[in-house]
Amino acid sequence: MDAFTAGLLQRIKTTESDLTRAREDGDDFLADVEQGELDDLHRLAAEHGVQVGTVGA
């Protein structure tokens, strides 16, 4: 796995965790921000052929 792929997958894992935390804390604004970031990361992964699957499982 190259550095780009590893970094992207790590960013997705971290953002998923941050999104879960924001939802658990009831912070709707932060959850929206994190969801937008996660959507962007998934788009970037798809554009570069990176298989995301279930990150962190």
Side-chain angles (χ1 to χ4, degrees):
M1 177 180 311
D2 63 22
F4 173 80
T5 300
L8 182 57
L9 292 174
Q10 182 59 47
R11 286 181 62 195
I12 289 171
K13 182 178 177 181
T14 299
T15 303
E16 288 175 336
S17 176
D18 293 346
L19 175 58
T20 298
R21 190 174 315 110
R23 286 178 175 162
E24 288 172 351
D25 291 347
D27 190 336
D28 294 334
F29 176 76
L30 183 56
D32 286 344
V33 170
E34 295 296 346
Q35 184 62 61
E37 176 71 10
L38 188 58
D39 292 344
D40 287 345
L41 291 169
H42 279 274
R43 178 190 49 76
L44 186 62
E47 287 176 0
H48 291 276
V50 175
Q51 294 290 330
V52 175
T54 304
V55 177

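The structure displayed is predicted, hence computed values, not measured ones. The analysis underlying the following values was restricted to heavy atoms, covering all of them including side chains, and did not include hydrogens, waters or symmetry mates.
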Can you list everything that forms a side chain to side chain donor-acceptor pair (under 3.5 Å) with D2? Sequence neighbours excluded, please. T5
Set of residues satisfying side chain to side chain donor-acceptor pair (under 3.5 Å) with respect to E34, sequence neighbours excluded: none
Shortest non-hydrogen contact from A31 to A22? N-CB, 3.7 Å
Heavy-atom closest pair, residues A45 and V52: CB-CG2, 3.6 Å
So salt bridge (charged side-chain N to carboxylate O under 4.0 Å, His left out) across residues 36-48, not counting sequence neighbours, yields R11-E37, R43-E47
Common cluster, L19/V33, ILVMFWY with side-chain heavy-atom separation under 4.5 Å: no
Group every Ile, Leu, Val, Met, Phe, Trp and Tyr by side-chain heavy-atom contacts under 4.5 Å, then state whether L9 and L38 land in the same group. yes
Polar side-chain atom of S17 near backbone of K13 as donor-acceptor pair, under 3.5 Å: no
Output the distance between atom CD1 (I12) and atom CG (L44), rounded to the nearest 0.5 Å. 8.0 Å
Side chains of E16 and T20: donor-acceptor distance under 3.5 Å anywhere? no
The complete set of ring pair (Phe, Tyr, Trp, His ring centres under 6.0 Å) pairs with one or both residues in residues 4-24, sequence neighbours excluded, reads F4-H48
Sorted by chain and number, sequence neighbours left out, salt bridge (charged side-chain N to carboxylate O under 4.0 Å, His left out) with R23 holds for none
